[in-house]
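Letters A, B, ... are given to chains in the order of the sequence lines, protein chains preceding strands, and every chain is numbered from 1.
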Amino acid sequence: MVSSRKPPAALREASPTPSLKSKSKRARLHSSPEQLSLVPTASVDLPSTRLPVIALRQLWLGAYLPLLSLEALVQSSEPAAVFEEQHGIRKILLGNAAAHAAGISPGLSINAALALIPTVQLEERNLAREARVLKDLAEWSEEFTAFTSIEAPSLLLLEIAGSQKLFGGIKPLRKRIVHGFKSQGFHVAIAIAPTPLAATWLAKAGRKVCIRDARNLVGKLGPLPISCLDWPDKVCQSLRGMGVNSIGEALRLPRQGFAKRFGASRLLEFDRATGCMPDPRVNYRGPEHFVADYDLNEEESDAALILNICQKLLAQLEHFLLTRQLAVQHVEFIFFHLQEPATHLSLGCVQADRVAQHWFDLLEIKFDCMNLSAPIIAIQLCGGHGQRFDAETSALPFNREKPQRYNTSMAHLAERLSARIGEEAVHGVMMVAEHRPQYAWRYREAFSDVPKCASTSFYSRSFDTSGIDTPELLADIRRTNSLVLRRPLWMLQAPEPLLTDDNRPCYQGVLLLLDGPERLETGWWDSEGIARDYFVAKTPQGVNLWIYRDRGKNRNASWYLHGMFG
Amino acid sequence: MSDALENLLKNPRIWRGQAQAKGAGWEGLASGYPKLDQHLPGGGWPQHALTEIFLDHYGTGELQLLMPALAGLSQPREDREAGWITWIAPPFDPYPPALSQWGVNLARILIVRPKQPQDVLWAAEQALSSGNCAAVLLWSGELDDTASRRLQLAAETGQSWAIAFRSLQAISQPSAAALRIRVTAGETGTDLGILKSRGGRPAVVRDYAG
């Protein structure tokens, strides 16, 4: 793996003389205004002679994930491919081995791919997901190194000089990393070099090399094609036009001329790759997690004492979050017992919070309902995913007459209620634009934003109630009610079949039909279609009901109770 | 003579009924039904207190009775924000299209369905005393004297209107509620019987909506 070969003499020359061929190309280059525009105007002050290699103590492991856009979405051995829309045509970007074997190659349109294998799983490329997967992998790789850098879109750089000893040398470390990627289902190409750019280029070219000495870099990078540089196509084309096909050939060009044609920044890239210039990188740090434990001296089952300790842990969490300007939406308490398996207690709230007292209120409610199986020997508190804390500016409490803000404290009420009763038992409601009565509304999560399409129903648009005094409001409602169809305030969860007496529906006596029918016949497009005649009916006791006659498949019409006018 | 009378009237043990309630009492929340309002002290529902509504069958007209007032509370005004209306353990689903027809702001509705009967009162007390709910409606089978006192207290601390729906059988139980109303179906519409009204007098309102 380790190269000890000296780089060719030609490459080590300070300023190699360009060949005649490239000279003539240069003349042509200058004459073409289109290609001239490629040269960036900004220039970095670089010396014209090749720089000496600086002493590098770093060793970079470049891990290139060639199939990331596919593997981030699909991980199966069945034929699968990722497509991307290019100029309005959806084309295959990548396919897995099974898809390749069947002839699905990149660039194929998805219709052609479906014609080849009708069962192929096709996914649209998701850049956000790729970035997230790469971040997750960077977090995972923190177990091998203290310095990870993400090179979008699909490469990770790990600085491993400091980790060699711990993992018993480069080979075992490299093996572990490759194995780790594989077990997570990612194909990876790994190259090790003393500079980050060299590691990047070698990994992208698929060279499984390990270069320890920076002086060997030029020789190893030389044969790489210029396509692995990630430069714009136009630049690569003009380089190819000059007869420069590999990095080694590009390095052999006179430095000043190269900087003039292609920009000093590209020359700087070469200097950085070959270890002549330092190449600082950004260290990626995963989000921090808060974990704190408390060991009790002996087993305890006294609730007051345990809650007191939990309060201290929550205070630590608050301090941790406060210093980082973070807030969490979930926390988890783990109560350890000597004999029994540990008890988990997780708390969640509507808005990310960091105030220890709020968490403690929720904990008290939940702790009351919980039966501990055994005395507790240790307590652990894990903070959830830290989120950026959006502090709200609130007014100073000079004017106490002002009504308080309902929304924020209402969220705390909903949290307290759902902590004891259960999250599914606390909810809001919203309307859905739908004619079928049972689908005209649904529950929504308390405090989630109401989708716009549902809130603009014709009922709520029919009058504006703000600023109207109640008697006038009522008159308005009456006027509106005479125009729209009456709906009952109480709705049964499921329609209740009614008994009939001589074809007349009965509910605590024979019903008197007051209004109707209102025919609802809709939903034929799904399996829940209805064909009903709705009536307003009155019981002998004077209760107004909303009933319907089913005109469905069985023609002997049956009556159902669906709501009450309340 | 008049001095003696004034002194006598200053005695806190003397209760002067409706006249006093009108002078120093609360301002009622207009119910939207003039027939009912004229019988309620303060000209409307007692805010920040417990109201009990007794009925035989659900759907007798008990919700329509409250709808105009709830609609007003749930809409924003210049002097206050839109108020939250919490429904605790309703026997059926409150139907949003109908609520919307009555002008209730659906974004300010919170429905709580406790699984345990004892959680109904707990949730009601939490909602009332938190000071966030403009009105709390609860359907509880059991509501004894102590519970009604606690709800009344919570409504006062949280500046909230508590409405408890109860069965007609519980009508003889003592209660700390500020207002107790019986809802029955009458000949032409729904009849209301005001059984107890703090600062007011018992009365019967026939066909309140008519």
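- The backbone N or O of B/Ala185 lies less than 3.5 Å from no partner atom in the side chain of A/Gln541, so there is not a single donor-acceptor pair.
- Only the side chain of A/Met564 comes within less than 4.5 Å of a heavy atom of chain B; its backbone N, CA, C and O stay farther away.
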Decide side-chain contact (heavy atoms from CB on, under 4.5 Å) for A/Phe565 and B/Leu63; before the verdict, give the C-alpha distance in whole Å, the side-chain angles of both, and the deciding distance to 0.1 Å. CA-CA 8 Å; A/Phe565 284 88; B/Leu63 284 186; over 6 Å; no
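- Annotation: maximal heavy-atom pairing with chain B below 4.5 Å, among A/Val426, A/Leu417, A/Leu492, A/Leu489, occurs at A/Leu489.
- Smallest separation of non-hydrogen atoms from B/Lys115 and A/Ile421: NZ-O, 2.6 Å.
- Considering all non-hydrogen atoms of both residues, A/Val543 and B/Tyr58 come closest at CG1-O, 3.7 Å.
- Remark: side-chain polar atoms of B/Tyr95 are not paired, donor with acceptor, to backbone N or O of A/Trp441 under 3.5 angstrom.
- Proximity of B/Pro96 to A/Met430: side-chain heavy atoms (C-beta onward) are nowhere separated by under 4.5 Å.
- Taken from CZ in A/Arg416 to OG in B/Ser130, the straight-line distance is 6.5 Å, to the nearest 0.5 Å.
- Between B/Trp122 and A/Ile365, the closest side-chain pair of non-hydrogen atoms falls below 4.5 Å.
- Neither side chain, A/Arg487 nor B/Gln101, offers a donor N or O lying under 3.5 Å from an acceptor on the other.
- Within 6.0 Å of the CZ atom in B/Arg150, the count of heavy atoms belonging to other residues, nucleotides or ligands does not exceed 12.
- Of the residues considered (A/Gly542, A/Pro437, A/Ser418), A/Pro437 shows the highest number of contacts with chain B, using heavy-atom pairs under 4.5 Å.
- The heavy-atom pair separating A/Trp490 from B/Phe92 by the smallest distance is CZ3-O, 3.5 Å.
- Taking OG1 of B/Thr86 as the reference point, atom CG of A/Leu413 lies at 6.5 Å (rounded to 0.5 Å).
- Atom-to-atom distance recorded for B/Leu106:CG and A/Arg444:CZ is 8.5 Å, nearest 0.5 angstrom.
- Looking at A/Arg420 and B/Gln126, their side chains never come closer than 4.5 Å, going by heavy atoms from C-beta outward.
- Considering only heavy-atom pairs separated by less than 4.5 Å from chain A, the leading option among B/Val112, B/Thr190, B/Ile111 is B/Ile111.
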